[in-house]
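Working notes for the structure below.
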Amino acid sequence: MTDTPAGIATILRRELMDIGRQRWVRISTLLQPLLFVPLFFGLPGLIAQRSATDLSHGSVVVAVQGGAEPVRQALESGGITIRETRDAAAAVLGRKADVGMVVSTTLRGKRAPELNVEVLLLGASGKSVLAFFRVQGVLNRATAVAERRREVNIHTTDLVRSPAGRRFFAASVLPVYVWFPLSVMLGFSVSTLASEKDGRTLESLLVLPYRPWQVIAAKWGVSMLAALTVAAVSLLPFAVVSVLDLPALGGRLSFGWAELSSLSIAMFAVAAFTVSAGLAVGAWGTSAREASSLSASIYIPAGVMSVIFLVVPDISPAPALLAVPVLGPMILAREGILGPLGIGAILSVLLPTIVYSTLLVEAARRLTSGERAILRPQT
Amino acid sequence: MSGIAQLLDRGGQYRAVIEVVDVRRSLGGKPVLRGVGFLAVPGLITGLLGPNGAGKTTTLRLIATLLRPDSGSVRVCGLDTVANSREVRRSIGLLTEDPGLYDRLTCREQLVFAARSFGLSSAVARRRVEELAELLSFHDRLDSKAAVLSKGTRQKIALARALVHDPPVLLLDEPTASLDVSAAAAVHDLLTGSAFAHKTVLLSTHILTEVQLLCRNVVGITAGRVVVEGSVEDIARRHVTGEFRLAFLDALKDEALAGTMDPPSAALLGEGAFGHEGSA
């Protein structure tokens, strides 16, 4: 039995019983994503609202094209400052701006001016994330003002529903959405091995007639199940918000099943990396505490980098997210550094495969090497 | 000639099941075993006796295939522990000093898992667990989670786990070190009972009285080296008083004088040198 995959099933069943009875696993698997989701959806909306009156941010270039004077007056009377008007559209297109918003108006007979909005998204720095929400805030505010004054009909399409907005979210915001819940699972996969050391159960496990790959495969399997549960719990509210067209992210989401499928695949890939890295770190540390410190040494800098890219203008998020093999090539591909998207997609598969394999082989090697890291020093 | 060697010399009746030959092993760059060698035969409890840090646990881990020797060889049931590690693991039961139970699993779940891991069918595994619960008197705790068990019961469960596949070889690492006197006595009764009659048992301990009580053959180890080997009676006769304890300590002092280890401290040479039966 232990020579066959059924041997893995035996370990897997035992692992599932064990983790299923851990309160913190249940909380982090089910509750944490549910708590995170409202934060994720609500915070950008707040940013958009608070930023709506301040468009002094250097690279948010708002260009109002042709017949725009009434609109400009309407926006300014609403407390909105427009830094550039009229002929600035060409400048927007010609410069390395993060977000460009081209506003044009048309006058139709006796009706009030109709405002059409086109949003251009250029670059991918953290600043563009904030700028994106600010622009959304501007539109929300302008719409409110216009409705009150009835001097202009502003037909604003929520940015996240525009083609450019969807690309922007798929490339920049959703990876963050994927990453945060699953980062919890790193700690979990670390603990599947490290807790065996702390609980002194590893010796009795390793003395069973399993091959090392069976032990690793079972632990990988149970960690993946937990990670994918987190992913599913995280995706569910996202899908509900998107399908029911509920207000979120300072606007309205309108993702189709294709985008949701892509997101699911991305989540699977990130989960696979997280779990593999966690197992390798768990095999490396001599205790759960040491393993946690090791994993923190990897992810705290990445987290700090993420915060920096969100706050500091003109810093790309790529360095922080390059730590994640799946997202790194995606970002590089999007930035054009890797050439056509096809090559980026291939690398997105190849690089993680190499990294996962290396990590798992290392975990298996350490599991059987009998080095200090595996068995507590005791003579 | 050692006690075991004498037994083997008689031929036919005894056959070495555990053979440790000139094994050296370093951990973290520090030599832990420096040429350890001994034999163990079925039907006898062989005591691996030595102070803390002598290399007893490392020796057991080598026999249990958890570690590989840097040099020398270890054979169990005629199989090399490096070349045939999985087959060796099927033939041994290991009881570690710490029971190493999964706290959130019930005793039954842990034992069934171990039994299934050794290839027993579900029905056979459950029947075997019931048998062991009767034998070791923990039937009333079978469905309790390990976290709520007393130390003595935990040790019983760990012992049951080591026995669940009925292995011919048992490796016991300080089985009574954390038990109170009555629990330790229960383990002693079990080890001298019929369930162990035909097994090859290697008992690692630092408790002299335990060795005197249980072991037919003694391997004295200190600083990674075997310093004395033979029956309790043979070793005791080496001292003018005929006391096993003093004879064993003499062997330690001889090793110290040979310059391979620090001399035993006054505390070590006192009454509590290796602890008492049932003490930690």
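In what follows, chains carry the letters A, B, and so on, assigned in the order in which the sequence lines appear, proteins first and then strands, with residues in each chain numbered from 1.
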What part of Leu94(B) is in contact with chain A, defined as an atom under 4.5 angstrom from a non-hydrogen atom: side chain, backbone, both or neither? side chain
Worked check of side-chain hydrogen bond (donor to acceptor under 3.5 Å, both in side chains) between Asp143(B) and Thr106(B): CA-CA 5 Å; Asp143(B) 293 309; Thr106(B) 66; 4.8 Å; no
Side-chain donor-acceptor pair under 3.5 Å between Thr176(B) and Glu210(B), yes or no? yes
Partners of Thr81(B) by side chain to side chain contact (heavy atoms under 4.5 Å, CB included), sequence neighbours excluded? Thr65(B), Val74(B), Val76(B), Val88(B)
Which members of residues 145-167 of chain B, sorted by number, sit under 4.5 angstrom from chain A on a heavy-atom basis? Lys145(B), Arg161(B)
Taking the side chain as everything from C-beta on, heavy atoms only, tell me whether Leu205(A) gets closer than 4.5 Å to Tyr102(B). yes
Between Arg61(B) (side chain only) and Leu66(B) (backbone N and O only), is there a donor and an acceptor less than 3.5 Å apart? no
So, the part of Gln22(A) with a heavy atom under 4.5 Å from chain B: the answer is both
Are more than 12 heavy atoms, taken from residues, nucleotides or ligands other than Arg126(B), located less than 6.0 Å from that residue's CZ atom? no
For Lys56(B), which of Leu33(B), Thr205(B), Leu48(B) qualifies under side-chain contact (heavy atoms from CB on, under 4.5 Å)? Leu48(B)
